[in-house]
Number of protein chains: 2
Amino acid sequence: MPERSTKDRILNAAETLFALNGASGASLRAITQRAKVNLAAVHYHFGSKDRLLEAVLARRLLPLNAERIRCLEACQKEAGRKKVRLENVIEAMVGPALRLSRDENKGGRIFMRLLGRLVLEPDARVQRLLTGQFETVLKKFKPALTAALPHLEHKVFFWRLHFLVGSMAHTMADSERIQLISGGVCDPNDTEGTIECLVTFLCGGLRAK
Amino acid sequence: MPERSTKDRILNAAETLFALNGASGASLRAITQRAKVNLAAVHYHFGSKDRLLEAVLARRLLPLNAERIRCLEACQKEAGRKKVRLENVIEAMVGPALRLSRDENKGGRIFMRLLGRLVLEPDARVQRLLTGQFETVLKKFKPALTAALPHLEHKVFFWRLHFLVGSMAHTMADSERIQLISGGVCDPNDTEGTIECLVTFLCGGLRAK
DNA sequence: GTTTGTTTCAAACGTACGTTTGAATCAATT
DNA sequence: AATTGATTCAAACGTACGTTTGAAACAAAC
């Protein structure tokens with residue numbers, strides 16, 4: 001987290017406090033205090049608390065989804081004429097997200113917890129932003145998914161996609177409860193192990209009859 | 001929702017507004033106004049805003065978990081000496097929750113959205129309550145699950161349980177996005193269809209190799 | 001060294017919050 | 001009808017909030 005500019009300092013502090021206390025639970029006074037910045041700086045640089053939240057989201061979401069699409073296209077190119085394996089498609093979907101959620105240099109766990117919270121936030125602006133982002137990704141992934149799962153009827157396909165999102169979001173957002181309930185057996189810091197385990201689970205579920 | 005007493009009216013209004021706006025986003029003024037009750041009534045009947053939230057949770061969670069355990073024991077009794085099928089164990093786990101989340105008389109979607117939000121709430125008192133509840137259920141279900149999934153090593157078992165919770169929570173909490181992304185093909189009001197679809201997916205994932 | 005535009009600052013604005021208070025109202029008992 | 005205890009009520013308490021303001025500090029160009 002390079003904390004050079006006032007803007008960056010505000011974004012980092014806001015990301016953390018939004019994630020910990022929710023959008024309405026985090027005050028600008030707490031954020032600016034944490035960022036070691038004057039209270040009015042938020043309005044100078046971002047205009048309002050709402051637009052600060054948007055900026056926090058955009059900073060992480062845009063690169064994440066770009067990376068997802070890059071991964072998908074890479075494994076499509078590698079497969080050439082052959083069918084892309086379901087495992088590879090799913091890995092392109094959840095891999096970048098989990099790697100981001102474990103990379104403390106890029107917001108890491110904190111940002112993912114925020115994302116998990118915002119999925120249930122009814123604020124219209126937030127929902128428009130999130131749904132818009134998700135649809136972009138889904139549009140790219142849908143052909144590859146249906147090709148790898150030809151036997152699934154439309155309805156079941158969408159439901160299973162929904163379940164997938166749930167597992168993924170929960171895994172990204174919550175890295176404490178898994179340690180608690182497993183008695184420390186599971187290590188959420190083993191990112192690649194977690195991804196592999198999740199991909200196996202999801203492919204099993206998606207292929208189920 | 002029988003709205004006889006002041007207490008019940010407060011609980012119902014609080015459940016709705018906590019779910020919609022978050023714990024800190026819902027004000028007592030909005031809650032009491034919705035409940036058509038005096039502002040001071042909250043403190044008279046519950047003591048504080050925090051304790052109101054606790055009461056909202058306890059009212060739904062205790063019966064839900066009792067019902068889960070009842071279902072599990074019923075299908076264990078029915079199986080007798082034979083092994084209980086994984087499908088039946090999973091159904092006992094997610095069925096009652098989804099039925100509750102679709103039963104408007106018992107809080108329904110609203111309560112489940114609240115639950116989804118609170119899973120990520122770092123407030124210590126809330127976490128203690130939720131984790132305590134979850135552990136009670138897990139303790140009952142773990143033997144049945146390991147018996148139905150003997151080939152799974154410890155670590156993978158817990159991870160998959162974690163993924164299961166994610167799918168379930170997401171499905172319970174969010175009944176709008178599935179309609180949006182499926183273009184209306186999926187109907188979250190078809191409770192039993194949703195449960196069947198989810199159970200199939202989860203069993204596929206849990207059994208995956 | 002003055003000017004210009006950008007960024008920071010302390011202070012204040014009005015509003016909404018959770019909570020407290022003490023009197024008014026109500027229902028049941030004597 | 002009077003008394004009691006539980007409940008409701010309007011009003012106010014102090015605090016914290018998002019936002020605005022206008023001056024100070026700073027940096028770059030002339």
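Labels below follow one simple rule: chain letters A, B, ... track the order of the sequence lines, proteins then strands, and each chain is numbered from 1. Being a predicted model, the structure only gives us computed values, none of them experimental.
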For atom NE2 of His45(A) and atom P of dT7(C), their distance in whole Å: 6 Å
OP1 or OP2 of dC17(D) under 4.0 Å from side-chain N/O of Ser27(A): yes
Interatomic distance, Leu17(B) CG vs dA16(C) P [rounded to whole Å]: 16 Å
Between dA16(D) (P) and Ile31(A) (CD1): distance, integer Å: 17 Å
dA10(D) phosphate, OP1 or OP2, under 4.0 Å from Asn38(B) side-chain N/O: yes
N-O pairing of Arg99(B) and Glu91(B) below 4.0 Å: yes
Candidate nucleotides dT19(C), dT7(D), dT19(D), ranked by approach to the side chain of Tyr44(B) - the nearest: dT7(D)
Separation of dA11(D) P from Leu28(B) CG (nearest whole Å): 19 Å
Nearest-Å distance for atom pair CG/C1', residues Asp50(B) and dC17(C): 14 Å
Heavy-atom pair of closest approach, residues Val56(A) and Ala14(A): CG2-CB, 3.9 Å
Short side-chain donor-acceptor distance under 3.5 Å, Arg70(A) and Asn65(A): no
Minimum-distance nucleotide (side-chain atoms of Lys49(A) versus dG18(C), dT19(D), dT7(C)): dT19(D)
Short side-chain N/O contact from Thr6(A) to OP1 or OP2 of dT8(C), under 4.0 Å: yes
Sugar-phosphate, base or nothing in reach of Ala26(A), heavy atoms under 4.0 Å: sugar-phosphate
Whole-Å distance separating the CD atom of Gln33(B) from the C1' atom of dA10(D): 15 Å
Nucleotide nearest His43(A) when distance is taken to its side chain, options dT7(D), dT20(D), dC17(D): dT20(D)
5' priority, DNA chain D, between Lys36(B) and Leu39(B) [closest heavy atom]: Lys36(B)
Centroid-centroid under 6.0 Å between Phe158(A) and His162(A) rings: no
Options dT8(C), dG18(C), dC9(D), nucleotide nearest the side-chain atoms of Ala40(B): dC9(D)
Protein-nucleotide distance (Phe46(A), atom CZ; dT7(C), atom P), rounded to Å: 12 Å
Geometric class of the Phe201(B)/Phe163(A) ring pair [parallel <30°, tilted 30-60°, perpendicular >60°]: tilted
From dC17(C), dT20(D), dA12(C), nucleotide with atom closest to Arg29(A) side chain: dA12(C)
